[in-house]
K.L.:
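Right, I'll just put the structure down here and ask away after.
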Amino acid sequence: MENEDGEALAGPAGPLGDVRVIDMSSVLAGPNCARYLADFGADVIKVERPGGDSLRHMAWRDPRDGEGLWWKVVNRNKRTVVLDVKDDTDREVLLGLVDDADVLVENSRPGTMERLGLGPDVLLARRSSLVMTRISGFGQSGPYAHRPGFATIAEAMSGLAALNGEPDGAPLPPPIALTDEVTGLAAAFATMVALHSGVGQVVDANLLETMFQLMGPLASLYALTGEQQPRLGGGLPYTVPRGSYLCSDGRWVAISTSSDTVAARVMELLGVGDDERFADFAGRAEHRDELEEVMAGWCASRTRDEVVAAFEDAQAAIGPVLDMSDIALDPHYAARGAIEEVDGTPMQSLVARLSATPGALRWPGRRLDADGDSIRATGW
């Protein structure tokens with residue numbers, strides 16, 4: 001296998017080097033699932049429809065070659081082939097790959113693979129050990145299963161958007177593809193659990209329930225008490241102060257007091273350590289407005305560096321609010337190698353570090369049908 005310049009690409013490497021994955025999914029959540037497997041060495045073949053995955057053309061593009069930056073990140077470490085599964089010849093190529101695959105990832109609307117004659121009954125009959133990871137908006141069953149699913153809809157229907165935003169403002173979905181990113185991780189985890197079982201089976205992962213998992217005890221709270229968490233901007237009902245605060249130089253910090261010991265140190269720093277109103281979680285929550293006013297005023301009278309230094313001296317939790325220009329220059333990101341250049345494209349490095357069997361970034365998402373001739377001719 002060669003890169004765009006004809007240079008040899010490294011083969012599968014890492015702890016999943018003996019795992020073969022067919023990635024038939026598109027856009028984000030499914031490809032992210034397969035990407036995490038590829039990052040740790042799985043041999044992933046990305047199967048695209050004729051014309052290619054729409055992610056190739058979504059949002060920002062690499063000014064050097066016009067390829068989508070989303071594509072390069074999410075489909076890194078994968079080989080790629082174009083197959084029309086409605087075409088008999090291409091269908092046989094796909095089924096030949098299935099015969100020796102360990103995992104197949106797809107995110108078509110429920111029922112689509114069955115209509116194509118590629119449902120679990122067909123694929124598991126050919127390859128009894130296959131793990132078929134199915135990622136959809138609402139799951140493979142239930143009254144919403146047939147609906148098209150996107151991250152924004154899951155964020156709205158999971159409870160997340162209802163919590164996010166100012167108290168007197170609109171519910172806000174997050175401004176990143178949060179659901180697709182988290183569902184990709186959840187699906188990769190579930191896929192590895194299924195592989196570890198040694199039993200061929202279907203993994204049913206979906207956007208809605210993945211985001212619902214992030215709601216913590218809120219479903220329990222409502223069922224047992226009828227209480228719901230209010231929308232508090234960046235605040236939490238049980239942690240005060242908590243949020244982002246503007247400093248005198250126009251820069252922002254984020255502060256959290258999610259343990260009693262940290263909160264006590266922050267109260268001393270603010271000069272209210274003897275105020276009984278703020279002595280425990282319940283008191284701080286009851287007097288939220290007063291304490292938030294103290295916190296905001298304290299930050300507003302100091303520069304960001306002064307605020308951060310004071311909190312660090314007090315061993316209290318704080319972080320500057322960084323944008324991508326800040327992150328690009330941040331010494332901790334640099335020391336950790338959190339941004340890695342892959343064939344000239346900077347991108348996030350591995351999601352986790354393994355001390356003995358690490359993963360690796362080997363190449364970015366490749367051009368359309370880059371490996372098609374060899375895959376069609378010789379399969380894996």
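Bear in mind that the values here come from a model prediction, so they are computed numbers and not experimental data. Sequence positions, counted from 1, serve as the residue numbers for this chain.
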K.L.:
Would you call Arg79 and Asp43 a salt bridge, using N to O less than 4.0 angstrom?
P.N.:
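The answer is yes: the pair qualifies as a salt bridge.
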K.L.:
Can you list every side chain to side chain donor-acceptor pair (under 3.5 Å) pair that touches residues 96-105, not counting sequence neighbours?
P.N.:
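Qualifying pairs: Asp99-Arg126.
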K.L.:
Are the charged groups of Arg376 and Asp369 less than 4.0 angstrom apart, N to O?
P.N.:
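Judged by the 4.0 Å cut-off on N to carboxylate O distance, Arg376 and Asp369 do form a salt bridge.
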K.L.:
Can you tell me if CG on Asp121 sees more than 12 non-hydrogen neighbours from other groups inside 6.0 Å?
P.N.:
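Buried by this count: over 12 neighbours within 6.0 Å.
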K.L.:
Taking ring-ring contact (aromatic ring centres under 6.0 Å, His included) as the definition, give me every residue that meets it alongside Phe212, ordered by chain and number, with sequence neighbours left out.
P.N.:
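Per chain and number, Phe212 pairs via ring-ring contact (aromatic ring centres under 6.0 Å, His included) with no residue.
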K.L.:
Rounded to the nearest 0.5 Å, how far does CG of Leu28 lie from CG of Leu207?
P.N.:
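The distance works out to 10.0 Å.
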K.L.:
So, are Asp343 and Lys72 salt-bridged, with charged N and O less than 4.0 Å apart?
P.N.:
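A salt bridge is absent here (no side-chain N lies under 4.0 Å from a carboxylate O).
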K.L.:
List the residues meeting salt bridge (charged side-chain N to carboxylate O under 4.0 Å, His left out) with Asp260, not counting sequence neighbours, and say none if there are none.
P.N.:
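Per chain and number, Asp260 pairs via salt bridge (charged side-chain N to carboxylate O under 4.0 Å, His left out) with Arg284.
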K.L.:
Can I get a per-line list of side-chain donor-acceptor pairs under 3.5 Å for residues 178-185, giving both atom names and the distance, sequence neighbours left out?
P.N.:
residue : atom : partner : partner atom : Å
Thr179  : OG1  : Glu155  : OE2          : 2.8
Glu181  : OE1  : Asn32   : ND2          : 3.3
Thr183  : OG1  : Thr179  : O            : 2.7

K.L.:
Which value, rounded to the nearest 0.5 Å, describes the distance between Arg20 atom CZ and Leu130 atom CG?
P.N.:
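So the gap between those two atoms works out to 13.0 Å.
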K.L.:
Going by the rule side-chain hydrogen bond (donor to acceptor under 3.5 Å, both in side chains), which residues pair with Gln213 if we only count those two or more places apart in sequence or in a different chain?
P.N.:
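In terms of side-chain hydrogen bond (donor to acceptor under 3.5 Å, both in side chains), with neighbours along the sequence ignored, Gln213 is linked to no residue.
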K.L.:
For Ser158, give me all partners under side-chain hydrogen bond (donor to acceptor under 3.5 Å, both in side chains), at least two apart in sequence or on another chain.
P.N.:
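For Ser158 there are no side-chain hydrogen bond (donor to acceptor under 3.5 Å, both in side chains) partners, ignoring immediate neighbours.
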K.L.:
Just wondering, are more than 12 heavy atoms of other shown residues or ligands nearer than 6.0 Å to CG in Asp323?
P.N.:
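Atom CG in Asp323 is crowded, with more than 12 foreign heavy atoms closer than 6.0 Å.
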K.L.:
Please step through side-chain contact (heavy atoms from CB on, under 4.5 Å) for the pair Arg115 and Thr112, ending with a clear verdict.
P.N.:
CA-CA 5 Å; Arg115 287 193 295 273; Thr112 300; 3.3 Å; yes
K.L.:
What do the steps show when you test Leu118 against Val98 for side-chain contact (heavy atoms from CB on, under 4.5 Å), and what is the final call?
P.N.:
CA-CA 10 Å; Leu118 297 170; Val98 168; over 6 Å; no
K.L.:
Please list all pairs passing the salt bridge (Lys or Arg N to Asp or Glu O under 4.0 Å) test where one or both residues lie in residues 198-219, with sequence neighbours left out.
P.N.:
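Residue pairs with at least one partner in residues 198-219: there are none.
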K.L.:
Once you round to the nearest 0.5 Å, how far does CG of Asp275 lie from NE2 of His287?
P.N.:
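If I round to the nearest 0.5 Å, the distance is 8.0 Å.
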K.L.:
Can Met24 be reached from Val203 by stepping across I, L, V, M, F, W or Y side chains whose heavy atoms are under 4.5 Å apart?
P.N.:
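As far as the 4.5 Å side-chain criterion goes, Met24 and Val203 are not connected within one cluster.
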K.L.:
Would Val81 end up clustered with Val105 when hydrophobic side chains under 4.5 Å apart are linked, directly or stepwise?
P.N.:
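No, separate clusters.
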K.L.:
Does the pair Asp65/Arg367 count as a salt bridge with the N-to-O cut at 4.0 Å?
P.N.:
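No, no charged N to carboxylate O under 4.0 Å.
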K.L.:
Within a radius of less than 6.0 Å around CZ of Phe281, do more than 12 heavy atoms belonging to other residues, nucleotides or ligands occur?
P.N.:
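Buried by this count: over 12 neighbours within 6.0 Å.
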K.L.:
Would you sort out whether Lys46 and Asp23 count as a salt bridge (Lys or Arg N to Asp or Glu O under 4.0 Å), showing the intermediate values?
P.N.:
CA-CA 5 Å; Lys46 172 73 175 179; Asp23 179 9; 3.6 Å; yes
K.L.:
Taking ring-ring contact (aromatic ring centres under 6.0 Å, His included) as the test, write out the residues that go with Tyr36, two or more places apart.
P.N.:
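In terms of ring-ring contact (aromatic ring centres under 6.0 Å, His included), with neighbours along the sequence ignored, Tyr36 is linked to no residue.
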K.L.:
Taking only residues two or more places apart in sequence, or in another chain, which ones meet Glu268 in a side-chain hydrogen bond (donor to acceptor under 3.5 Å, both in side chains)?
P.N.:
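Per chain and number, Glu268 pairs via side-chain hydrogen bond (donor to acceptor under 3.5 Å, both in side chains) with no residue.
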K.L.:
Which value, rounded to the nearest 0.5 Å, describes the distance between Met157 atom CE and Thr152 atom OG1?
P.N.:
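Reported to 0.5 Å precision, the distance equals 13.0 Å.
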K.L.:
Among residues at least two apart in sequence or on other chains, which ones pass side-chain hydrogen bond (donor to acceptor under 3.5 Å, both in side chains) with Glu166?
P.N.:
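By the side-chain hydrogen bond (donor to acceptor under 3.5 Å, both in side chains) rule, Glu166 matches no residue at all.
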K.L.:
Checking one residue: Val240. Which other hydrophobic residues are in its cluster under the side-chain 4.5 Å linking rule?
P.N.:
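Traced through the cluster, Val240 reaches Tyr245, Val253, Ile255, Val262, Val266, Met267, Leu269, Leu270, Val272, Phe278, Leu291, Val294, Met295, Trp298, Val307, Val308, Phe311, Ile318.
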K.L.:
Side chain to side chain donor-acceptor pair (under 3.5 Å): which pairs involve residues 130-147, sequence neighbours left out?
P.N.:
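Only Glu106-Arg134, Glu114-Arg134, Thr133-Thr191 qualify under side chain to side chain donor-acceptor pair (under 3.5 Å).
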K.L.:
Answer yes if Val44 and Val74 sit in the same cluster of Ile, Leu, Val, Met, Phe, Trp and Tyr residues linked by side chain heavy atoms under 4.5 Å apart, and no otherwise.
P.N.:
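As far as the 4.5 Å side-chain criterion goes, Val74 and Val44 are not connected within one cluster.
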K.L.:
Starting at NZ of Lys86, measure out to CG of Leu116 and round the result to the nearest 0.5 Å.
P.N.:
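Interatomic distance, Lys86 NZ to Leu116 CG, rounded to 0.5 Å: 6.5 Å.
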K.L.:
Are Val202 and Phe189 co-members of a hydrophobic cluster defined by side-chain heavy atoms under 4.5 Å apart?
P.N.:
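The answer is no; the residues belong to distinct hydrophobic clusters.
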K.L.:
Any chance you could measure Leu160, atom CG, to Leu214, atom CG, to the nearest 0.5 Å?
P.N.:
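Here the interatomic distance stands at 7.5 Å.
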